[in-house]
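What follows is a short report on a single structure.
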Amino acid sequence: MLAPYASDPGKSRGRLVREEESSFRSPFQRDRDRIIHASAFRRLKHKTQVFVEHEGDNYRTRLTHSIEVAQVARTIAGALGLNQELTEAVALAHDLGHTPFGHTGEDALHALMEPYGGFDHNAQAIRIVTKLERHYAEFDGLNLTWETLEAIAKHNGPVEGDLPWALADCNAVLDLELHTHASAEAQVAALADDIAYNNHDLHDGLRAGLFTDDEITALPMIGPAYAAVDAKYPGLDWNRRRHEALRRVFGVMVSDVIDTSRRRLAESGAQSVEDIRALGRPVVQFSPEIWLQLKDIRDFLFRRMYRAPSVMVIRKQVAVVVEELFDLFLRDPGLMPERWLQDLARARGDETVVARIISDYIAGMTDRFALHEHERLMQP
């Protein structure tokens with residue numbers, strides 16, 4: 001049974017291109033399935049989360065991260081009486097717009113695209129699902145419902161000020177009401193993202209030897225989790241001890257979001273999804289206490305993992321790969337594959353349009369493809 005403030009697929013605002021509805025899948029289930037079958041979703045398998053994809057088989061990639069986010073999001077949505085299919089669709093799509101090499105690649109591409117409107121991975125996700133996936137006979141993109149597009153665009157909150165050009169293009173055709181908060185389902189997907197990366201980045205940082213179990217036990221939430229494991233399982237081997245402790249940290253985060261959000265939803269008096277959008281504040285949140293503890297964990301990860309010397313060396317190397325590929329294609333767009341040459345021909349030499357097509361191509365690359373293309377094209 002859905003809560004009154006949940007997104008009802010039977011009341012969807014529909015799709016940009018009208019389609020006959022499925023007899024056995026809801027509109028949000030179809031959205032989820034189209035995202036899973038998208039080429040951009042498959043490519044997440046070989047895109048960086050923190051470590052470059054080829055550095056180790058056990059580290060998270062964008063694909064495994066997205067699957068973990070979807071699992072957390074479904075759990076929270078179910079506990080809150082929200083629509084699980086919409087929540088899952090947003091969780092699976094939220095990272096589609098990421099470049100190769102994670103935020104390093106995005107930073108490099110944004111700097112290169114500054115003269116042409118910049119680059120934003122959230123806006124690029126919208127561009128992918130509305131334009132760049134080209135498999136269907138009757139439309140470009142995936143022709144997702146308004147609710148799924150809104151949730152992808154606004155899962156981190158209202159989008160105000162100057163819009164990223166890729167998002168502005170979509171919004172000009174289909175008003176996503178960017179000044180408001182999105183549905184509670186979108187808000188769940190955003191918090192599930194925080195929970196997933198905080199948890200698995202601790203796992204991956206420990207596996208990489210960037211810090212030790214003893215060092216993270218000084219952090220709030222984590223120290224008590226290790227102590228609880230030691231009390232219940234004295235002498236447990238280090239690998240099981242670590243897993244047991246971090247899954248308790250994971251559980252604390254999920255339970256806190258559910259308990260806090262239930263209270264905030266009840267206090268809001270919302271009786272419809274439109275009430276959620278009109279509140280002017282998010283209703284799916286961590287408690288203030290857990291939010292402060294997570295800030296300490298994030299600060300630690302920033303210092304010891306995201307800006308670790310070994311990680312920074314790789315960041316500099318892969319930034320050069322993106323920069324040199326972009327400059328090469330800008331000088332000679334004819335080096336791009338045939339599919340992209342058709343788009344370039346329609347650009348009629350407009351430098352901004354050409355740069356944005358090149359940006360689309362590079363942003364869609366996997367880590368390994370970008371490295372291989374750079375090696376192949378930059379040979380003397």
Side-chain angles (χ1 to χ4, degrees), residues 7-44 66 83 85-98 117 119-155 159 163-178 182-183 185-186 189 336-348 350 353-354 356-365:
S7 295
D8 183 348
K11 298 178 180 177
S12 170
R13 301 193 194 183
R15 308 174 189 275
L16 187 60
V17 178
R18 185 178 178 83
E19 298 182 58
E20 184 177 344
E21 292 298 338
S22 170
S23 60
F24 53 88
R25 288 183 298 168
S26 77
F28 301 152
Q29 286 176 303
R30 293 181 82 185
D31 286 354
R32 177 201 60 199
D33 296 348
R34 288 180 180 184
I35 290 163
I36 289 173
H37 289 287
S39 299
F41 186 74
R42 292 195 298 276
R43 289 196 297 269
L44 296 179
S66 296
N83 187 287
E85 284 74 28
L86 175 58
T87 309
E88 185 178 23
V90 182
L92 292 169
H94 84 282
D95 269 355
L96 288 179
H98 267 291
F119 179 88
D120 176 89
H121 78 264
N122 281 325
Q124 189 69 12
I126 290 289
R127 184 165 170 80
I128 287 168
V129 299
T130 57
K131 290 184 179 296
L132 298 183
E133 286 286 324
R134 296 171 182 170
H135 306 293
Y136 296 89
E138 297 183 0
F139 47 79
D140 287 341
L142 304 180
N143 200 34
L144 303 178
T145 60
W146 184 92
E147 289 77 11
T148 300
L149 290 174
E150 180 222 21
I152 296 171
K154 303 191 305 192
H155 65 277
V159 184
L163 298 180
W165 64 269
L167 181 56
D169 280 357
C170 173
N171 199 59
V173 176
L174 189 65
D175 183 7
L176 298 176
E177 300 175 4
L178 297 174
S183 62
E185 286 84 359
M336 294 171 64
E338 183 178 354
R339 173 205 159 180
W340 296 91
L341 298 183
Q342 298 172 14
D343 289 346
L344 289 166
R346 288 192 290 269
R348 300 180 183 276
D350 184 312
V353 177
V354 170
R356 290 176 176 178
I357 293 169
I358 294 169
S359 171
D360 288 337
Y361 177 50
I362 292 176
M365 290 181 176

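A side-chain donor-acceptor contact under 3.5 Å links Lys154 to the backbone of Glu177. Not a single donor-acceptor pair under 3.5 Å links the side chain of Arg13 to the backbone N or O of Trp146. Without hydrogens or angle criteria, Glu85 side chain to Phe28 main chain gives no donor-acceptor distance under 3.5 Å. A donor-acceptor pair under 3.5 Å links the side-chain atoms of Asn171 to the main chain of Leu176, judged by distance alone.
The shortest heavy-atom contact between Arg25 and Ser22 is N-OG, 3.1 Å. What you find for Cys170 and Thr130 is that their closest heavy atoms are SG-CG2, 4.0 Å. The two atoms that bring Ile35 and Thr148 nearest to each other are CD1-CG2, 4.5 Å, heavy atoms only. Minimum interatomic distance between Ala189 and Ala91 (heavy atoms only, all atoms of both residues): CB-N, 4.1 Å. Minimum heavy-atom separation, Tyr136 to Gly141: CD1-O, 3.6 Å.
Looking at Glu150 and Thr145, their side chains never come closer than 4.5 Å, going by heavy atoms from C-beta outward. Glu19 places a side-chain heavy atom less than 4.5 Å from the side chain of Arg30. Side-chain contact between Asn122 and Pro164: absent, with no pair of heavy atoms (C-beta onward) separated by less than 4.5 Å. Between Leu167 and Asp120, every side-chain heavy-atom pair lies at or beyond the 4.5 Å cut-off. A heavy-atom distance below 4.5 Å is not found between the side chains of Asp31 and Leu86. By the 4.5 Å heavy-atom criterion applied to side chains, Val90 and Glu185 are not counted as neighbours. Between Arg127 and Trp165, the closest side-chain pair of non-hydrogen atoms falls below 4.5 Å.
Once rounded to the nearest 0.5 Å, the distance linking CD of Glu138 with CG of Asn143 reads 9.0 Å. Rounding to the nearest 0.5 angstrom, the gap separating the CD1 atom in Ile128 from the CG atom in Leu142 is 9.5 Å. Remark: Thr87 OG1 to Leu92 CG distance equals 10.5 Å, nearest 0.5 Å. A distance of 11.5 Å separates CG in Leu341 from CZ in Arg339, rounded to the nearest 0.5 Å. We find the CG-CZ distance between Leu144 and Arg34 to be 7.5 Å, quoted to the nearest 0.5 Å.
Considering only residues two or more places apart in sequence or on other chains, Ser39 meets the side chain to side chain contact (heavy atoms under 4.5 Å, CB included) condition with Arg42, Arg43, Glu133, His135.
With Asp343 as reference, Arg134 is the one residue of Arg134, Arg356, Lys131 to meet the salt bridge (Lys or Arg N to Asp or Glu O under 4.0 Å) rule.
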For side chain to side chain donor-acceptor pair (under 3.5 Å), just list the numbers for Ser66 and Asp95, CA-CA rounded to whole Å, side-chain angles, deciding distance to a tenth of an Å, and then say yes or no.
CA-CA 7 Å; Ser66 296; Asp95 269 355; 4.5 Å; no

Quick one: do Leu96 and Leu44 satisfy side chain to side chain contact (heavy atoms under 4.5 Å, CB included)? Show the steps, please.
CA-CA 7 Å; Leu96 288 179; Leu44 296 179; 4.0 Å; yes

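The aromatic rings of His155 and His94 lie perpendicular to each other, with more than 60° between the two planes, well past the 30° mark.
No side-chain N or O of Glu147 forms a donor-acceptor pair with one of Ser7 less than 3.5 Å apart.
For Arg15 and Phe139, the positive end is not near the middle of the six-membered ring at less than 6.0 Å and at most 45° from its axis.
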